[in-house]
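Both counts, for ligands and for their atoms, begin at 1 and track the order of listing.
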Amino acid sequence: MTSLNLSPLLSLPIFLLGAIVGSFLNVCIVRIPKGGSVVHPPSHCPGCKTAIRFYDNIPLLSYIALLGRCRACGEHISPRYFIVELLMASLAVILYYQFSFSLAFLVSFVFVAALIVISFIDLDVRIVPDVISLPGIIAGLLFSVVARYGINDPFELIPSPLNAIIGVLVGGGFLLALAWVYEAFTGVEGMGGGDIKLLAMIGAFLGWTSIPFTLLFASLTGSVIGIGFMIAKGVGRRFALPFAPFLCLGALLYLFFGNELIQFYLPER
Ligand SMILES: [Zn+2]
């Protein structure tokens, strides 16, 4: 582990940067499932279509100032906007304290942003968008090449290109096989194709060693919460729980604690 050159004074600008990026992620979460452009048209209220003024579009602050309502029509604004901005802002600061300004910071920042967009779209409309996961696979592989042949990664976060490729194959292939077996036995489509591409993306960014942990974590927490939900709400067995947020949370834990976690199942490493 290298000693970090950190400046606590930078926490605030990094928090603000994260909040601004979070604001853009909100636009992606709303517009990607509709197939629309994420830059045009400018933000507008989904209720009354009034264009949102710049001073009502300030990350975090505007939501608080407007008490979660549209200035023009008073329509309730989803707290998701605030949550996503706060989440990205907080994670940006945490990543800075973990990786300072480094290639690992940049890579994990991009990765975390992708995980947030995918999680909230899946929660919202039960889709894992290909437009994030497929370019994500390419990005993860490219970063591994940059770390191997360009900028050194002293944090050993970024896998070697070979590890990243195996990660894509293990993440994608293993789940594909599992989904095929499940469908063959039950006749019901189990895990969606989107979850499989997401796990391939996680493998590209974190290497194949992240896959067993991520999958185990997601399956366990997903089952517990799914069963709890079914008991509480009395919904049937066919209730579809979004799986991507659990995979993303597992990947996030691996991002921060992977080097420790790996000792459990690969002690010889
Ligand atoms: Zn409105």
For Phe109, check ring pair (Phe, Tyr, Trp, His ring centres under 6.0 Å) against everything at least two apart and list the hits.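 For Phe109 the ring pair (Phe, Tyr, Trp, His ring centres under 6.0 Å) partners, ignoring immediate neighbours, are Phe105.
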inquiry  = I'd like to check the ring pair (Phe, Tyr, Trp, His ring centres under 6.0 Å) partners of Phe246; sequence neighbours left out, ordered by chain and number.
reply    =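 Phe246 satisfies ring pair (Phe, Tyr, Trp, His ring centres under 6.0 Å) with no other residue.
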Using a strict cut-off of 2.8 Å, how many protein N/O/S atoms surround the Zn ion (ligand 1)?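 Every protein N, O or S atom under 2.8 Å from the Zn ion (ligand 1) counted, the figure is 4.
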**Prompt:** Is Asp124 salt-bridged to Arg80, going by a charged N under 4.0 Å from an acidic O?
**Reply:**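 Salt bridge present between Asp124 and Arg80.
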Could you go through the side-chain hydrogen bond (donor to acceptor under 3.5 Å, both in side chains) check for Tyr81 and Ser62 one step at a time?
CA-CA 10 Å; Tyr81 288 92; Ser62 290; over 6 Å; no
Using residues 168-179 as the side-chain source, report each donor-acceptor pair under 3.5 Å to any protein atom, sequence neighbours left out, with the distance given to one decimal.
none

(request) Kindly say whether the aromatic ring centers of Phe205 and Phe111 come within a distance under 6.0 Å. (result)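 Yes, ring centres under 6.0 Å apart.
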